2 protein chains.
Amino acid sequence: MTEEQTHFHTEGCLAVSRVLARVGDKWSVLIVMLLAGGPRRFNEMKRMVDGISQRMLTLTLRGLERDGLVSRTVFPTIPPRVDYELTPLGHSLREPVMALGQWAQANLAGIAEAQADFDRRGGAPDAPPAQTPRPG
Amino acid sequence: MTEEQTHFHTEGCLAVSRVLARVGDKWSVLIVMLLAGGPRRFNEMKRMVDGISQRMLTLTLRGLERDGLVSRTVFPTIPPRVDYELTPLGHSLREPVMALGQWAQANLAGIAEAQADFDRRGGAPDAPPAQTPRPG
DNA sequence: CCGAATCCGAAAGGATACTG
DNA sequence: CAGTATCCTTTCGGATTCGG
């Protein structure tokens, strides 16, 4: 890396983006935190999350399973039973996610205030005085 | 909080979700990392990110500005000039985000392998043996 | 009980053209 | 240069129905 970054979006960055997208996903993090307490069954989670559709729960779990964050164990009983559990990888994800969550909580007030200010000023108004420096 | 969590989605959690959504946003984190090196102008960033539309750049910057992560300074010159810069809040966000990024890079191989395994097995096949425990 | 499949409205996001 | 406005395609995601 002798060269300064000129264009963003290098190879590795793209892979990282996918992980960030997972974290940004509305339900994935919620599920991970839920499973932190131990294995859960499908409908059990559906009841706990309260607002998720069974479609989204399925898709979210599939995504997490595909990434190796969650393991799926089905018991061929009648009625069927399926347990979802955090893998070691899934558990390891909790640490950086919780760090982010703590940042969010710590700065929650500041963000809300900034939003209120922004909205009060009507989005993006004119500039401050600033003594007209030469642009070129 | 003497009570254990029964239903997820308590008040504070929802606010945190919004922050996570920002982080999960495809462009926001990229912009924040770009601005870590100092203030940038609009088209300058557009060239650097390489793949972003000017519409998305505008929306992303507006969102970051609204949250108080980025400050916008317009110089009323001709031609106009607008500088975007990370606020202290914006800078403070870099730390937990980079922690997440490092986790992503560290586990990139493991995730890719899990995905390959999952896809090779065709999504979500049958169960392991498991000696039929009683479900109820 | 655990899902897959289908349908359909809502929202995201790129391309383009136009303004100050 | 720094946006805004419009169009249009793609995706997301809830509701519902059916199968193992």
Side-chain angles (χ1 to χ4, degrees), chain A residues 9 17-18 21-22 24-28 30-31 39-66 70-85 122-128 130 132-136, chain B residues 9 17-18 21-22 24-28 30-31 35 39-66 70-85 118 122-128 130 132-136:
Chain A
H9 243 193
S17 285
R18 280 202 252 271
R22 246 214 186 300
D25 180 47
K26 186 177 177 183
W27 305 114
S28 292
L30 220 56
I31 297 297
R40 298 285 183 184
R41 300 179 57 175
F42 187 86
N43 278 355
E44 189 180 3
M45 302 176 71
K46 186 171 183 325
R47 279 190 297 272
M48 289 178 78
V49 171
D50 185 63
I52 193 171
S53 63
Q54 97 279 38
R55 173 184 152 82
M56 277 301 101
L57 182 54
T58 299
L59 290 180
T60 301
L61 288 170
R62 284 289 175 279
L64 293 172
E65 186 192 359
R66 193 177 109 95
V70 161
S71 69
R72 178 174 177 270
T73 310
V74 14
F75 303 96
T77 58
I78 297 182
R81 165 184 180 152
V82 180
D83 276 13
Y84 291 91
E85 188 174 9
D126 287 334
T132 62
R134 289 160 293 93
Chain B
H9 245 193
S17 285
R18 280 202 252 272
R22 226 174 225 320
D25 179 46
K26 186 177 179 183
W27 305 114
S28 292
L30 221 55
I31 298 296
L35 288 178
R40 298 286 183 182
R41 300 178 58 173
F42 187 87
N43 277 354
E44 188 180 4
M45 302 176 71
K46 186 171 183 320
R47 279 190 298 273
M48 290 178 76
V49 170
D50 184 63
I52 194 171
S53 62
Q54 96 279 37
R55 174 186 151 83
M56 276 301 100
L57 181 54
T58 300
L59 290 179
T60 302
L61 287 170
R62 284 287 176 282
L64 292 172
E65 186 192 0
R66 193 176 109 95
V70 161
S71 68
R72 177 175 179 267
T73 310
V74 14
F75 303 96
T77 60
I78 297 181
R81 166 184 179 152
V82 180
D83 277 13
Y84 291 91
E85 190 174 8
F118 185 89
D126 287 334
T132 63
R134 290 158 295 93

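A note on names: the letters A, B, ... follow the listed sequences, proteins ahead of strands, and every chain is numbered from 1. Note that the coordinates shown come from a computational prediction; the quantities given were computed from them, not determined experimentally. Computed from heavy atoms alone, side chains included, the values below leave out hydrogens, waters and symmetry copies.
- When rounded to the nearest whole Å, the span between CG of Leu61(A) and P of dC1(C) equals 16 Å.
- Minimum heavy-atom separation, Pro79(B) to Thr77(B): O-OG1, 2.8 Å.
- The CE atom of Met48(B) sits 13.0 Å away from atom CG of Asn43(B), with the distance rounded to the nearest 0.5 Å.
- Atom OG1 of Thr58(A) and atom NZ of Lys46(A) lie 9.5 Å apart (nearest 0.5 Å).
- Among Leu61(A), Leu59(A), Val70(A), Leu64(A), the one residue that satisfies the side-chain contact (heavy atoms from CB on, under 4.5 Å) test with Ser28(A) is Leu64(A).
- Taking side-chain N and O atoms only, Arg72(B) has no distance below 4.0 Å to OP1 or OP2 of dA2(D).
- Looking at every heavy atom in both residues, Arg41(A) comes nearest to Asp83(A) through CG-OD1, 3.3 Å.
- The minimum heavy-atom distance linking Met56(B) with Ile52(B) is given by the pair CB-CG1, 3.7 Å.
- In this entry the distance linking CG of Asn43(B) with P of dA2(D) reads 5 Å, nearest Å.
- Residue Glu44(B) holds its CD atom at 8.5 Å from CZ of Arg81(B), rounded to the nearest 0.5 Å.
- Glu44(A) places its CD atom 13 Å from the P atom of dG3(C), with the value rounded to the nearest Å.
- In this structure, Tyr84(B) and Leu35(B) approach most closely via the heavy-atom pair O-CD2, 3.4 Å.
- In this structure, Asp83(B) atom CG and dA2(D) atom P are separated by 8 Å, rounded to whole Å.
- OP1 and OP2 of dC1(C) both lie 4.0 Å or more from every side-chain N or O belonging to Arg40(A).
- Look at Arg41(B) and you'll find a side-chain N or O under 4.0 angstrom from OP1 or OP2 of dA2(D).
- The distance from atom CG of Leu57(B) to atom P of dA2(D) is 10 Å, rounded to the nearest whole Å.
- End-to-end axis angle of the helix from dC1(C)-dG20(D) to dG20(C)-dC1(D), from C1' rotation axes over five pairs per end: 40° (rounded to 10 degrees).
- Spacing between atom CG of Leu59(A) and atom P of dT11(D) amounts to 15 Å, rounded to whole angstrom units.
- What separates OH of Tyr84(A) from P of dC1(C) is a distance of 14 Å, to the nearest Å.
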Inset, instruction - Quick one, give me the B/S/- string for nucleotides 9-20 of chain C, reading 5' to 3', where B means a protein heavy atom under 4.0 Å from the base and S means that only happens at the primed atoms, P, OP1 or OP2. - result: ----BBBBB--B

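- The shortest non-hydrogen separation linking Gln54(B) to Phe42(B) is O-CZ, 3.9 Å.
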